[in-house]
Amino acid sequence: MARTLITSALPYINGIKHLGNLVGSQLPADLYARYRRARGDEVLFLCATDEHGTPAEIAAQKAGKPVAEYCAELHEVQAEIAAGFRLSFDHFGRSSSEQNKILTQHLATKLAESGLIEVIEETQVYSVTDGRFLPDRYIEGTCPNCGYDSARGDQCDNCTKQLDPTDLINPHSTISGATDLETRATKHLYLKQSNMRGALSEWIESKTDWPVLTTSIAKKWLNDGDGLQDRGITRDLSWGVPVQYDGAPWTGMDGKVFYVWFDAPIEYIACGAEWAAKQGFDDAAWERWWRTDKGADDVRYVQFMGKDNVPFHTLSFPVTMLGSNEPWKMVDYIKSFNYLNYDGGQFSTSRGRGVFMDQALSILPPDYWRWWLLSHAPESSDSEFTWENFQSSVNKDLADVLGNFVSRITKFCRSKFGEEVPAGGDYGDQERALIADLTEKVADYQSHMDAIDVRKGANALRAIWVAGNEYLQSAAPWSTFKEDPELAAMQVRMGLNLIGLYARLSSPFIPDTSGKLHTALALDTLDWPEDVAACLSSLTPGHTFVVPDNLFAKISDEDREDWQEKFAGTRS
RNA sequence: GGCGGUGUAGCUCAGUUGGUUAGAGCAGCGGAAUCAUAAUCCGCGUGUCCGGGGUUCGAGUCCCUGCACCGCCA
């Protein structure tokens with residue numbers, strides 16, 4: 001049995017993500033996971049919250065809660081919303097887990113043994129009032145260049161001049177407003193990524209089948225300017241994986257933690273360990289996915305992420321994996337996405353612009369969102385969400401093409417033959433032609449799904465739905481019924497079987513709807529229709545069903561205008 | 001400032017290694033049908049493929065350049 005390991009970029013803990021974040025990683029990852037499972041693969045689909053770092057500490061502080069408690073709560077919130085979108089993670093873990101701590105410390109040790117860690121002393125701004133070192137962007141003051149009074153420590157937003165925090169006039173902490181800032185010397189561990197440049201370059205060059213978006217970003221970082229830079233992997237914080245521990249190959253790192261970008265990707269692996277522990281399995285259960293010396297050789301590992309995450313997945317994390325000199329399973333394919341814009345601008349978490357995951361679910365069921373987002377996934381370039389487009393796509397594709405198809409055939413059957421598959425007649429030329437056409441269309445659909453071409457997959461699926469309406473329109477059982485009820489019965493039987501086919505093929509995109517059809521038609525299975533002809537004969541005369549409620553209500557102009565207004569401004 | 005991306009029908013987007021009259025969905029127009037959520041099906045597109053140069057027998061597709069928008073980096 002083929003085995004597929006799938007990970008989605010980890011959503012950061014400090015709040016609810018917007019639809020742009022969702023469509024860039026978790027949702028397409030789920031689509032692919034569902035598809036691979038349907039095709040019979042053994043799948044392990046992992047995701048987790050990314051919980052460490054300064055933003056989490058500050059968010060917790062604002063909420064007036066200990067950071068651990070804050071993260072635990074937000075993790076539950078995110079998990080619940082993920083479930084709301086039907087994201088089928090085998091495990092939704094936490095980067096703050098014990099497993100991740102152990103693994104992060106282990107890998108840091110291995111990297112040190114490989115000579116890839118060095119200790120560097122540098123100066124950073126310390127806020128006495130806040131009791132912490134401040135990242136550059138949390139320091140503001142007057143720009144020495146243009147006089148703008150809210151220039152950040154890394155850059156002036158007004159004149160765009162790049163700054164050093166110590167350049168600022170009258171600097172203060174944006175966390176507390178404190179002005180008692182001082183520069184202090186502090187030591188940090190650096191990961192010598194530059195030493196691995198050759199190995200990384202070779203590895204990336206070998207990935208000729210990757211999307212250009214992925215490889216162009218990777219190569220740019222690898223080759224531009226002075227090439228790949230070494231990066232600090234520790235920070236002076238309390239919330240995170242401790243850098244100093246028993247057996248650490250360095251000293252003097254007390255009170256420091258690993259920088260979030262270092263431990264977050266390691267959570268992909270640790271998440272597997274969390275999953276195994278939760279299932280009551282032993283280590284071998286997750287190691288067969290993650291260690292090539294323990295059975296992961298035949299695993300195909302696919303990662304999903306937005307383009308902003310590509311450097312970490314093509315360079316930093318691989319440095320950790322390769323540099324450890326241990327046989328970790330490396331990623332086989334990286335599917336990356338561009339950005340989804342919102343109505344002429346960007347989605348903005350800070351300004352609350354756009355639709356956030358919880359809000360989306362509060363106004364419509366998940367399948368509406370899944371369908372629109374996936375059929376408009378920003379694959380080749382940034383794409384745009386507008387309410388008009390959302391309304392027309394959803395109404396047309398889901399309500400009219402698919403929903404109405406189910407409605408018209410089941411209701412016609414009920415009125416003429418009752419709620420059971422009618423007997424009589426045999427499939428003829430027209431049906432054989434339809435089967436041949438659908439067999440071809442399903443193969444086309446599968447080829448796009450195999451290639452993880454999300455939009456093309458959606459288009460192909462839609463074409464399959466359309467084929468049912470074309471058939472029904474030309475077979476016209478409502479006409480043939482008058483002269484030849486047996487013929488009409490056979491045509492209706494085909495129509496009902498088409499619903500069964502659609503329920504199976506559509507499940508990766510719109511799982512709830514597939515479930516409804518499964519129940520209404522009393523299908524014995526939602527297995528993939530490897531044999532289209534057989535699938536279209538699987539509902540036999542006498543099989544009873546129930547006419548389902550309309551699958552999709554249409555979005556009215558009033559709703560659309562309402563939402564347009566509601567989500568334009570600031571998140572309430 | 002450096003780098004990268006994008007710019008194709010009213011809208012959202014496809015267009016593989018350059019090759020016949022540039023495509024899909026939606027919207028619009030005309031028709032058929034009336035089983036169905038006025039839902040479906042059929043037919044209809046002369047679009048300076050952002051502008052300007054160039055390479056080529058031939059360019060949306062390669063090169064140079066200008067413009068616009070968007071990112072990333074320093």
Side-chain angles (χ1 to χ4, degrees), chain A residues 20 136 154-155 159-164 211-229 306-311 336-341 343-346 371-373 375-417 444 447-448 451 453-463 465-482 488 491-492 495-496 499 547-556:
Chain A
D136 295 352
D154 52 349
Q155 184 179 38
C159 68
T160 74
K161 183 178 171 61
Q162 190 220 343
L163 302 170
D164 192 86
V212 260
L213 181 65
T214 306
T215 49
S216 68
I217 292 174
K219 287 176 185 171
K220 185 191 141 217
W221 282 69
L222 210 45
N223 303 320
D224 263 23
D226 301 328
L228 190 57
Q229 300 296 300
K307 61 184 171 187
D308 51 327
N309 257 317
V310 169
S336 53
F337 289 86
N338 286 285
Y339 294 139
L340 179 68
N341 289 318
D343 214 4
Q346 293 187 354
W371 175 256
W372 191 88
L373 290 168
S375 61
H376 294 78
E379 290 179 295
S380 58
S381 63
D382 291 356
S383 66
E384 172 146 330
F385 176 93
T386 63
W387 286 101
E388 287 83 359
N389 187 297
F390 177 68
Q391 178 192 27
S392 72
S393 291
V394 162
N395 285 352
K396 190 71 187 171
D397 297 348
L398 296 181
D400 297 347
V401 175
L402 177 62
N404 184 58
F405 175 78
V406 171
S407 179
R408 66 196 296 208
I409 189 71
T410 53
K411 285 176 181 167
F412 180 75
C413 181
R414 180 174 62 186
S415 74
K416 305 300 183 197
F417 306 101
D444 183 51
S447 73
H448 292 313
D453 275 333
V454 178
R455 294 174 90 126
K456 288 179 180 176
N459 284 338
L461 177 59
R462 187 186 189 282
W465 296 341
V466 168
N469 279 311
E470 287 172 5
Y471 167 77
L472 215 56
Q473 203 64 27
S474 79
W478 49 89
S479 296
T480 58
F481 182 77
K482 295 168 191 160
Q491 293 167 334
V492 167
L496 292 168
I499 297 174
V547 173
D549 292 336
N550 283 344
L551 296 177
F552 301 98
K554 291 206 195 188
I555 297 170
S556 69

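Residue numbering restarts at 1 for every chain, and letters A, B, ... go by the order of the sequence lines. What you are looking at is a predicted structure, and each value in this text was computed from that prediction instead of being measured.
Counting non-hydrogen atoms under 4.0 angstrom, A:V466 reaches the backbone sugars and phosphates but no base.
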Could I get a table of every N or O pair under 3.5 Å where one atom is in the protein and the other is in nucleotides 33-37 of chain B?
from, atom 1, to, atom 2, distance (Å)
B:A33, O2', A:W478, NE1, 3.4
B:C35, O2', A:R408, O, 3.1
B:C35, O2, A:R408, NE, 3.0
B:C35, N3, A:R408, NE, 3.3
B:C35, N3, A:R408, NH2, 2.5
B:C35, N4, A:R408, NH2, 3.1
B:A36, O3', A:S407, OG, 3.4
B:A36, O2', A:N404, OD1, 2.3
B:A36, O2', A:S407, OG, 3.2
B:A36, N3, A:N404, ND2, 3.0
B:A36, N3, A:R408, NE, 3.2
B:U37, OP1, A:K411, NZ, 2.7
B:U37, O4', A:N550, ND2, 3.3
B:U37, N3, A:F552, O, 2.7
B:U37, O4, A:L551, N, 3.4
B:U37, O4, A:F552, N, 3.2
B:U37, O4, A:F552, O, 3.3

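Partners of A:F337 according to the ring-ring contact (aromatic ring centres under 6.0 Å, His included) rule, which considers only residues two or more places apart in sequence or in another chain, do not exist here. Residues satisfying the side-chain hydrogen bond (donor to acceptor under 3.5 Å, both in side chains) test with A:R462, not counting sequence neighbours, are A:D397.
With C1' as the reference atom, B:U6 and B:U12 are 15 Å apart, rounded to whole Å. With C1' as the reference atom, B:C49 and B:A9 are 10 Å apart, rounded to whole Å. Spacing of P atoms, B:A22 relative to B:C26, comes out at 22 Å, to the nearest Å. On the C1' atoms, B:G7 is 15 Å away from B:U61, given to the nearest whole Å. Look at the P atom in both B:A32 and B:U21: the space between them is 35 Å, to the nearest Å. Distance noted for atom C1' between B:C67 and B:U46: 27 Å (whole Å). When the C1' atom is used for both B:G60 and B:C50, the distance is 12 Å, rounded to whole Å.
Here the straight-line distance linking atom CD of A:E384 with atom CZ of A:F390 works out to 15.0 Å at 0.5 Å rounding.
Closest to the side chain of A:Y339, from the set B:C41, B:C26, B:G71, is B:G71.
Classification of A:D400 and A:K554 as a salt-bridged pair holds, one side-chain N sitting under 4.0 Å from a carboxylate O.
In this structure, A:K307 atom NZ and B:C73 atom P are separated by 12 Å, rounded to whole Å. Taking atom CG of residue A:N395 and atom P of nucleotide B:G25, one finds them 18 Å apart after rounding to whole Å.
Between B:A38 and A:K396, no contact under 4.0 Å exists linking OP1 or OP2 to a side-chain N or O.
Both distances falling under 3.5 Å, in either a Watson-Crick or a G-U wobble arrangement, place B:G4 opposite B:C70.
Side-chain polar atoms of A:H448 and A:N459 form no donor-acceptor pair below 3.5 angstrom.
Positionally, the nearest nucleotide of RNA chain B for A:E379 lies more toward the 5' end than for the other of A:E379 and A:S392.
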